[in-house]
Each structure stands twice: as structure tokens, then as C-alpha cells.
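Note that ligands are numbered from 1 as they come in the structure, with each ligand's atoms numbered from 1 the same way. Here the structure is a predicted model, which means the values were calculated and not measured. Throughout, numbering of the chain's residues begins at 1 and tracks the sequence.
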Amino acid sequence: MRTQVVIIGSGPAGLMLSQLLHTHGIESIVLERQSRDHVLSRIRAGVLESTTVDVLRQMGVSERMDREGHPHDGMRIAWAGRDTFFVDTYKTLGRRFMVYGQTSIQEDLFAAADRRGQPVLCEASDIVLHGLESDTPHVTFVQQGEARRIDCEFVAGCDGFHGVSRKSIPASVLKEYEKVYPFGWLGIMARVKPLPDVTYANHPRGFALASYRTTSLSRFYIQVPLDHSVEDWPDERFWPELKARFPAEMAEAITEGPSIEKSIAPLRSFVAEPMRFGKLYLCGDAAHIVPPTGAKGLNLAASDVFYLSRALAGWYARRDAAGLDRYSEMALRRVWSSVRTSWYLTTLLHRFPHFSDFDQKAQEVELDYLKSSTYAQAALAEQYAGLPFEPEA
Ligand code: RFL
Ligand code: PHB
């Protein structure tokens with residue numbers, strides 16, 4: 001087989017990239033290790049920055065999101081013993097974010113890929129990238145017991161944190177930055193009415209988050225120690241713990257119901273630089289991970305593929321390599337900005353086991369300042385809403 005761009009991974013980064021390339025008349029083949037059902041069953045992100053919403057509209061896959069997604073003007077912060085406050089991205093910047101599940105985005109992207117006859121080869125194992133420093137890279141893999149090969153001009157590594165793409169870059173070229181947090185998030189989905197606002201809570205018992213999918217579907221998270229498993233958290237234990245971490249009037253407004261999904265994710269910040277090696281370009285979680293506290297992971301996947309598709313379009317239309325040469329540094333500027341925001345919110349809102357009384361006091365003073373200062377709230381609103389994309393030139 002032969003194509004212009006081989007895309008490794010059919011998560012949001014891979015499928016958005018194939019759709020964007022299609023709008024520029026560039027051919028691609030997507031290779032995915034898992035089955036489509038597996039990819040569609042993963043429950044993850046829910047908050048889309050307005051830039052991500054714009055990218056989805058631009059690529060023509062926004063119809064259901066515009067019908068079923070829920071625009072929000074900002075998010076709320078609560079903490080024990082004090083009044084809650086609203087960080088208003090709409091009033092500050094004129095920008096709303098959209099609450100629309102990553103699972104639904106994946107469904108919309110697979111449907112769009114099927115409509116245009118996009119090859120997405122699932123259950124492809126043993127993927128190996130070859131000739132990345134040459135003009136004739138190729139990718140080998142095994143599908144249904146058969147060894148296969150695709151020749152191409154570029155490879156896009158969109159295969160998430162555990163994929164092969166980043167590992168195909170020699171260690172001597174790659175610089176990795178990492179911070180591991182001493183807790184995880186237990187997340188549940190339940191068919192109950194959500195609280196009106198996406199609300200982050202800091203409480204002596206630990207962090208909690210109330211989020212939204214639809215008017216009758218809620219997503220909640222609580223901070224748990226790293227050695228806990230979902231078996232430690234039957235619903236009877238989860239609901240009282242969740243409610244204990246919100247102020248009384250909010251706890252009263254939380255409706256309980258059986259969980260339909262429950263999982264634990266550890267929290268980590270990670271960046272690999274550069275995001276390019278020869279003809280290989282990394283996008284999304286393959287190059288960087290952020291803790292979910294700022295809701296940035298999926299949004300960074302969208303900005304990476306937006307920049308890469310624009311750079312590839314410049315190459316194919318005008319043989320202009322400037323965008324490709326600048327891809328890594330341009331993408332990394334936005335990545336580091338979101339890494340900083342996610343680290344800031346994680347540090348502000350969680351209870352850290354090793355915090356001294358001094359650290360705890362400093363966190364509370366920071367929260368008090370944020371609550372009392374419209375300037376501080378505006379700065380956070382700007383970061384939470386997400387930075388605009390950089391122009392091409
Ligand atoms: P993905 O989604 O991990 O997709 C990578 C795909 O590559 C496949 N793959 C391979 N394919 C072929 N060969 C191999 N060797 C392969 N290895 C892996 C995988 O099967 C998969 O299909 O990465 P991508 O596309 O970069 O997308 C990133 C996002 O999924 C991620 O950043 C977000 O989910 C993070 N995140 C959130 N982001 C937000 O913007 N807003 C949120 O509200 C938000 N909430 C969250 C989150 C992540 C969470 N978890 C579970 C980590 C909440 C949670 C709890
Ligand atoms: C979610 O709805 O899953 C969600 C919302 C906000 C976050 C993380 C996850 O910061």
C-alpha cells in the first residue's frame with residue numbers, strides 16, 4: 001500500500017488529523033492497535049475549548065456537537081467553609097466552552113471517516129516505523145496474521161502515551177520532562193441530573209469535581225490515593241464521600257444513582273521535545289500528558305493536529321517546508337502553556353499528602369486571593385478558555 005501520510009492511532013488526535021488532511025485534499029491511512037469498539041468504549045474528556053469547537057466545525061464534524069453539546073460560560077470553584085465563586089470565561093473573554101464527551105467526538109469522527117471512505121485499519125499489531133530520516137519512510141505491521149507494509153511521505157504519531165511513535169525517536173534526540181502527582185482520580189458516570197456548573201472542589205478530605213455530559217448524565221471525580229482500586233469504591237462508599245467534599249447546599253443538589261462506569265487514572269505531567277524527528281511528527285498524548293484538572297489533554301491534541309495539518313497543507317500546495325520546520329516549537333508553546341495551567345490548578349485544588357502546614361496555608365491564601373481578585377480570575381479564565389492559535393507566518 002502507498003499513501004501520503006500514515007497516521008498511527010485512531011484516538012481524537014489521529015481521527016481529527018485524517019479529517020483535517022482530507023479537507024486539504026491530502027490522503028492518509030490510519031492504523032489502530034485496538035478494535036473500533038474498544039476505542040469507542042473509552043470514557044475520558046468532556047470539556048472543549050472554543051478553539052477545539054472551531055476546529056471541529058471547520059472540519060465539518062460539528063453537527064451533533066452543536067445540537068447536543070452544552071455551552072458553559074465558565075467554571076465554579078468551591079472549597080470547605082467558604083463561598084463558591086464562578087470563573088467567567090464568557091464575561092472575561094467573550095468565549096464559552098462546550099461540554100461534549102470525547103466518546104461522542106470519537107463516534108462523530110468514525111462516522112465522518114466512514115462517509116468519505118477513509119481507511120482506518122484496526123487491530124493492527126507490531127507496528128514498526130522505518131526510514132524516518134529518509135524521503136521514503138514506511139510502516140510495517142501485522143493484521144489478521146498477515147505482515148503488511150505502507151509506503152508514505154510522512155508519519156503522524158497519534159498513538160497516545162503508550163504508543164510506538166515516541167519510542168521510535170532515538171533517546172539521544174529526545175528530552176523528556178515529567179512530574180508525577182501522589183494521587184489519582186476516581187471517575188464515575190451516572191444517569192442523574194448534573195449540577196448546573198462544572199465545579200472543582202478543594203476539601204480537607206481531598207479534591208472533587210462535578211461535571212456534565214447531558215441534562216440527565218453526570219460525570220464526577222474524587223481524588224484517591226494511588227494504591228486504591230475501583231473495588232475499594234463501591235457506589236455506597238462513593239456518593240457520601242463525593243458529597244462530603246462539596247459545600248452543603250451543593251451536596252444537597254447532587255442526585256445519587258447507580259454508576260454506569262467507574263475507573264481510576266493517575267495524574268501526571270509529561271512533555272517530550274522535540275515533537276518531530278525526520279518525517280515523524282508527534283501529536284496529542286504521544287508527545288505530552290497533562291493532569292486532567294485543567295481539561296486540556298484533548299484540547300492540546302486538537303491544537304497539535306490543527307498546526308500539523310496546516311503545515312502539511314503548505315507543503316503539498318506550495319512545497320513550502322516552513323510550517324513543518326516550525327511545527328514542533330509552535331505546538332510546544334501551546335503545550336507548555338497548558339502544562340503550566342494544569343499543574344497550577346492541580347496544585348491549587350488537591351490535598352497533597354506531603355504538604356507542611358506552611359504549604360497548606362500558602363494554598364489557602366492563593367485560593368482566597370483568586371476568590372477576591374477579579375484580575376486573578378481573569379488571568380485564570382484566559383488560561384482555562386485556552387489560548388488562540390498562532391498565525392501561520
Ligand atoms: P489517545 O486518546 O490515547 O489515542 C491514542 C490511540 O492510539 C492507539 N495506539 C496505537 N495504535 C497503533 N499502534 C500502537 N502501538 C498504538 N498504541 C496506542 C490507542 O489504542 C488509541 O486509540 O490519544 P490522543 O488521540 O492524543 O487523545 C488524547 C486524549 O484522549 C486525552 O488527552 C484526554 O482524554 C485527556 N483528558 C481530558 N482532556 C480534555 O481536553 N478535557 C477533559 O475534560 C479531559 N478529561 C482526560 C480527562 C483524560 C482522562 N484520563 C482517563 C486519562 C479525564 C480523564 C479521566
Ligand atoms: C470531564 O467532564 O470529564 C472533565 C471536566 C473537567 C476536567 C476534567 C474532566 O477538568
Side-chain angles (χ1 to χ4, degrees), residues 6-18 30-36 38-49 51-52 70 72 75-76 97-103 105-106 109-110 120-129 139 141-143 156-168 184-189 194 197-200 207 209-213 217-221 261-268 270 282-305 335 338 341-342 345-346 349 384 386:
V6 170
I7 298 173
I8 318 286
S10 71
L15 289 187
M16 281 192 278
L17 181 62
S18 74
V30 181
L31 291 180
E32 166 61 50
R33 186 175 52 180
Q34 304 285 356
S35 68
R36 184 188 283 215
H38 178 96
V39 173
L40 287 172
S41 68
R42 288 192 295 235
I43 295 179
R44 287 180 170 180
V47 171
L48 308 180
E49 292 175 0
T51 43
T52 304
H70 292 264
H72 284 242
M75 52 87 165
R76 189 168 291 283
F97 59 83
M98 182 78 92
V99 177
Y100 186 63
Q102 181 167 330
T103 321
I105 293 179
Q106 291 259 225
L109 287 165
F110 269 116
V120 182
L121 309 183
C122 290
E123 297 177 73
S125 63
D126 302 314
I127 295 181
V128 183
L129 317 185
V139 177
F141 59 102
V142 174
Q143 204 186 20
C158 302
D159 46 355
F161 184 66
H162 299 289
V164 293
S165 300
R166 188 182 67 254
K167 294 178 192 135
S168 308
W185 278 18
L186 167 72
I188 75 151
M189 192 78 98
D197 298 318
V198 172
T199 305
Y200 296 85
F207 167 86
L209 167 60
S211 186
Y212 207 99
R213 283 297 177 274
L217 188 60
S218 297
R219 182 83 168 141
F220 295 103
Y221 299 92
E261 195 265 353
K262 199 180 274 167
S263 54
I264 293 186
L267 267 66
R268 169 202 315 266
F270 172 87
L282 299 180
C283 299
D285 281 15
H288 40 74
I289 294 284
V290 286
T293 326
K296 294 295 182 197
L298 173 62
N299 294 297
L300 285 178
S303 61
D304 290 350
V305 299
V335 167
S338 293
T341 303
S342 312
L345 278 172
T346 301
L349 296 172
Y384 194 83

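The protein non-hydrogen atom at the shortest distance from atom 39 (C) of ligand 1 is L298 N, 3.2 Å. Regarding atom 36 (N) of ligand 1, its nearest protein heavy-atom neighbour is A45 CB, 3.7 Å.
Annotation for ligand 1: atoms under 4.0 Å from non-hydrogen atoms of G163 are 17 (N). Under a 4.0 Å criterion applied to the non-hydrogen atoms of G284, ligand 1 contributes the atoms 26 (O). Close approach of ligand 1 to G297 (heavy-atom distance below 4.0 Å) involves ligand atoms 32 (O), 35 (C), 38 (N), 39 (C), 40 (O). Within the listing of ligand 1, atoms 12 (C), 13 (N) sit less than 4.0 angstrom from a heavy atom of I8. The contact set between ligand 1 and G11, taken as ligand atoms under 4.0 Å from a residue heavy atom, comprises 4 (O), 6 (C), 22 (O), 25 (O). Contact atoms of ligand 1 toward G46: 42 (C), 43 (O) (distance under 4.0 Å to a heavy atom of the residue). When each atom of ligand 1 is checked for a heavy atom of I127 under 4.0 Å away, the hits are 12 (C), 13 (N). Annotation for ligand 1: atoms under 4.0 Å from non-hydrogen atoms of Q34 are 20 (O).
Note: an N/O pair closer than 3.5 Å links R44 and ligand 1 by distance alone.
Remark: side-chain polar atoms of Q102 are paired, donor with acceptor, to backbone N or O of A45 under 3.5 angstrom.
Residues satisfying the salt bridge (charged side-chain N to carboxylate O under 4.0 Å, His left out) criterion with R42, sequence neighbours excluded, are absent altogether. Among residues two or more places apart in sequence or in another chain, the side-chain hydrogen bond (donor to acceptor under 3.5 Å, both in side chains) test is passed with Q143 by R148. Residues satisfying the side-chain hydrogen bond (donor to acceptor under 3.5 Å, both in side chains) criterion with S263, sequence neighbours excluded, are E261.
Only the side chain of Q102 comes within 4.0 Å of ligand 1, judged by heavy-atom distances. When non-hydrogen atoms are compared, ligand 1 lies under 4.0 Å from the side chain of Y221 (C-beta onward) but not from its backbone.
Taking the ring axis of F161 as reference, the NZ or CZ atom of R166 stays within 45° of it and closer than 6.0 Å to the ring centre.
Listed by chain and residue number, the protein contacts of ligand 2 are R44, G46, V47, W185, Y200, L209, S211, R213, R219, Y221, P292, T293, A295 (heavy atom within 4.0 angstrom).
Two residues are said to be in side-chain contact when any heavy atoms from C-beta on lie closer than 4.5 Å; I43 and R219 meet this criterion.
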